[in-house]
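Some notes on the structure that comes next.
No hydrogens, no waters, no symmetry mates; every other heavy atom, side chains included, goes into these values.
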Amino acid sequence: MKIAVNFENVPQDGGAYHENILLSDVFKNFEKDEFKILYIVSNKKVEEILEKRGLKTIFFKKDFFFRIQNFLYKFMFFKILLNKFKIINNFEKFVKKNKIDLLIFNNPSEMSLHSNNLMYVIVFYELQHLKYNFFPEYKSYHNFDLREIVIKNFLNNAFKILACVEKDKTLLQKYYNAHEDKIVTQSFVSRLPLIFRKNKDDKKYEIHFQNLKIDKSKKILFYPAQFWPHKNHKYLIDAVEFIVSQKNIKDYQIIFCGFDKLSHLKYLKELISEKKLNDYFIFFDYLKDEEIISIYLNSYALVMPTFVGHYSLPLFEAFYFKLPVLFTKNLLDKDLKKFVYEIDTTNKEDLLIKLDHINKNKEIINSNLNAAHEYYNQFCSIKKIEDTYKKIFNEAKYFQNIWKKTN
């Protein structure tokens with residue numbers, strides 16, 4: 001069976017890129033005689049990255065005619081019209097020319113709009129655009145209307161839809177009347193624990209940490225997240241201002257890392273400077289995997305005041321590295337909430353309240369950290385991902401063999 005992964009993400013995309021890379025590692029373990037897996041790319045940089053990793057790629061050029069089709073395919077009238085006259089879009093032609101039996105979109109890609117006559121699997125992220133449609137990113141980069149078009153389309157046309165947690169599956173059914181049998185829950189898995197397991201040399205990570213020139217005398221609160229408004233970095237600025245100016249506590253330092261989005265980073269830095277809090281914040285853009293691991297190993301807690309996400313990769317990473325997690329109240333999936341300390345992001349004092357709780361309850365905290373670590377080992381395993389995809393591939397092959405011979 002010939003399977004193609006549509007790989008559009010670049011390192012600047014953060015979690016989506018790293019999930020795609022992890023999936024490529026998983027697929028390397030599959031028997032090539034049973035499942036021939038290759039990667040569709042439209043970006044030369046991505047092509048170079050994948051080929052360096054020994055992966056087979058095929059290049060799909062998004063030329064002028066494709067871009068016209070891409071615009072038209074967002075309107076149902078034109079899709080019906082084109083289908084009526086049996087006009088096949090360029091992407092579908094490309095897939096059929098390469099004799100691909102099954103497509104994988106490892107994110108809610110608009111390329112899925114061109115795949116209604118193909119069998120495909122798609123990974124779904126979240127639905128918070130329905131609640132927080134006023135954020136700038138949903139007016140531009142993560143366009144609200146385009147998201148709706150893509151979601152409604154793949155709910156009707158995908159062979160299988162992968163959601164990370166039950167809460168997202170439930171919301172797909174609630175808001176879009178999605179068919180339950182189509183949706184498969186599969187936890188995301190971070191590459192960082194895999195990298196760490198291969199080399200647990202403490203000296204190596206200590207050197208990485210020293211090279212970052214971070215002050216170890218303070219308790220580090222780590223927030224690895226792209227600089228989107230919905231990530232709510234501002235809450236931490238307001239909370240630190242309260243801790244420093246009103247409580248005269250100067251023990252904590254916040255580390256932010258991620259790529260700037262919509263020039264939001266400039267606003268955050270100006271805010272910190274205005275409040276005279278520069279000594280309590282460190283900014284990094286893109287960090288190497290080993291550098292991020294070194295920060296996890298030297299942090300006091302992970303802080304995630306985000307408005308979006310019923311799960312996150314840093315959350316799972318913190319579970320693995322046994323780091324306390326402070327996460328937005330009433331946001332996480334119910335299976336994850338029990339392992340974190342929820343913060344009310346409308347109350348700048350609540351961060352300190354939760355930090356004090358962690359300070360004063362070491363035995364209870366350690367017990368919870370061990371439970372979270374065990375959860376990670378049980379539900380975030382490579383074996384689980386392999387089993388999930390093999391089951392989907394075999395089911396797709398079974399159905400396709402009813403009307404054709406798979407490649």
Side-chain angles (χ1 to χ4, degrees), residues 1 3-6 16 19-20 23 26 35 73-80 82-83 89 91-92 95-96 100-131 133 142-189 308-311 331-336 379 384-404 406:
M1 188 178 195
I3 299 161
V5 180
N6 187 61
E19 272 300 302
N20 258 329
L23 196 61
V26 171
F35 303 121
Y73 264 62
K74 294 176 177 66
F75 303 95
M76 184 57 69
F77 169 77
F78 286 105
K79 286 186 79 169
I80 294 171
L82 292 169
N83 286 334
N89 69 72
F91 184 67
E92 185 180 334
V95 171
K96 289 182 174 178
I100 292 162
D101 298 305
L102 182 69
L103 278 171
I104 298 174
F105 296 103
N106 203 31
N107 63 337
S109 168
E110 65 179 280
M111 293 297 288
S112 62
L113 298 173
H114 301 259
S115 308
N116 289 356
N117 296 319
L118 305 168
M119 185 176 272
Y120 68 86
V121 176
I122 194 162
V123 176
F124 161 75
Y125 287 168
E126 40 82 12
L127 288 174
Q128 264 87 14
H129 69 288
L130 295 175
K131 183 177 181 181
N133 53 26
H142 295 299
N143 182 271
F144 178 95
D145 295 324
L146 179 56
R147 277 194 167 210
E148 284 292 286
I149 291 168
V150 170
I151 289 171
K152 290 173 182 177
N153 185 77
F154 73 62
L155 286 171
N156 290 327
N157 294 287
F159 174 60
K160 294 291 180 184
I161 301 156
L162 270 68
C164 183
V165 291
E166 285 294 328
K167 191 171 184 177
D168 286 329
K169 179 177 179 178
T170 301
L171 290 177
L172 278 175
Q173 293 172 279
K174 176 181 178 181
Y175 291 114
Y176 299 96
N177 199 28
H179 197 293
E180 183 179 8
D181 292 345
K182 266 192 172 186
I183 308 170
V184 178
T185 54
Q186 169 58 60
S187 180
F188 282 15
V189 176
V308 174
H310 302 137
Y311 64 92
L331 182 56
L332 286 173
D333 183 84
K334 62 180 178 63
D335 287 342
L336 302 173
F379 291 98
K384 271 189 169 289
I385 296 181
E386 289 180 357
D387 291 345
T388 296
Y389 275 98
K390 281 183 180 179
K391 184 177 180 181
I392 291 172
F393 293 170
N394 284 322
E395 188 176 346
K397 186 175 182 179
Y398 165 79
F399 282 117
Q400 286 193 10
N401 282 342
I402 293 172
W403 69 82
K404 71 165 192 173
T406 52

Interatomic distance, CZ@F124 vs CD1@I151, rounded to 0.5 Å, equals 5.5 Å
Sidechain-backbone polar pair: N6 side chain, F105 backbone, donor-acceptor under 3.5 Å
no
Any sub-3.5 Å donor-acceptor pair from K167's side-chain atoms to Y311's backbone N or O?
no
Could you tell me whether K334 and E166 make a salt bridge, using a distance below 4.0 angstrom between a side-chain N and a carboxylate O?
no
Crowded around Y176 OH? As in, over 12 foreign heavy atoms under 6.0 Å?
yes
Kindly determine whether F154 and L113 satisfy side-chain contact (heavy atoms from CB on, under 4.5 Å), including the steps that lead there.
CA-CA 8 Å; F154 73 62; L113 298 173; over 6 Å; no
Residues which pass side-chain contact (heavy atoms from CB on, under 4.5 Å) with N401, listed by chain and number, not counting sequence neighbours
K397, T406
Closest heavy-atom contact between L127 and L171?
CD1-CB, 3.7 Å
Those residues at least two apart in sequence (or on a different chain) that pass side-chain contact (heavy atoms from CB on, under 4.5 Å) with F35 are M1, I3, F30, I37, K390, F393, N394
Only counting residues at least two apart or in another chain, list the ones meeting salt bridge (charged side-chain N to carboxylate O under 4.0 Å, His left out) with D335.
none
Could you walk me through whether V123 and E19 satisfy the side-chain contact (heavy atoms from CB on, under 4.5 Å) test, starting with their C-alpha distance in whole Å, then the side-chain angles of each, then the deciding distance to 0.1 Å, before giving a yes or no?
CA-CA 10 Å; V123 176; E19 272 300 302; over 6 Å; no
How close do G309 and Q128 get, counting heavy atoms only, and between which atoms?
N-OE1, 3.4 Å
Closest heavy-atom contact between A163 and I183?
CB-CG2, 4.2 Å
For the residue pair L103 and F91, establish whether any side-chain heavy-atom pair is separated by less than 4.5 Å.
yes
Does any non-hydrogen side-chain atom of V308 lie less than 4.5 Å from one of H129?
no
Is L172 close to L155 at the side-chain level, that is, under 4.5 Å between some pair of heavy atoms?
yes
Validation row: Y389, I104 side chains within 4.5 angstrom (heavy atoms):
yes
Inter-residue atom distance L336.CG - C164.SG, 0.5 Å rounding
7.5 Å
Taking 4.0 angstrom as the limit, do E92 and K96 come out as a salt bridge?
yes
Among residues at least two apart in sequence or on other chains, which ones pass side-chain hydrogen bond (donor to acceptor under 3.5 Å, both in side chains) with Q173?
none
Heavy-atom check, side chain of L130 versus side chain of Y175, under 4.5 Å:
yes
Applying side-chain contact (heavy atoms from CB on, under 4.5 Å), run through N20 and V5 and close with a yes or a no.
CA-CA 9 Å; N20 258 329; V5 180; 4.2 Å; yes
Between the side chains of D333 and H310, is a donor N or O closer than 3.5 angstrom to an acceptor N or O?
no
Would you name the heavy atoms of S109 and I122 that are closest together and state the gap between them?
N-CD1, 4.0 Å
State, to 0.1 Å, how close L162 and Q186 come at their nearest heavy-atom pair, and which atoms those are.
CD2-CB, 4.2 Å
Applying salt bridge (Lys or Arg N to Asp or Glu O under 4.0 Å) as the test, list every pair that has at least one member in residues 177-189; sequence neighbours left out.
none
Distance, nearest 0.5 Å, that separates CG of D168 from OG1 of T170
8.5 Å
Is a side-chain donor or acceptor of S112 paired with a backbone partner of P108 at a separation under 3.5 angstrom?
no
Inspect the contact between E126 and R147 and indicate whether a charged nitrogen and a carboxylate oxygen are less than 4.0 angstrom apart.
yes
State which residues pass ring pair (Phe, Tyr, Trp, His ring centres under 6.0 Å) with F159; sequence neighbours excluded, sorted by chain then number.
none
Considering non-hydrogen atoms only, spot the tightest contact between N143 and D145 and give its length.
OD1-N, 3.1 Å
Say whether, by atom type as modelled, one donor and one acceptor occur between the side chain of N156 and the main chain of K152 under 3.5 angstrom.
yes
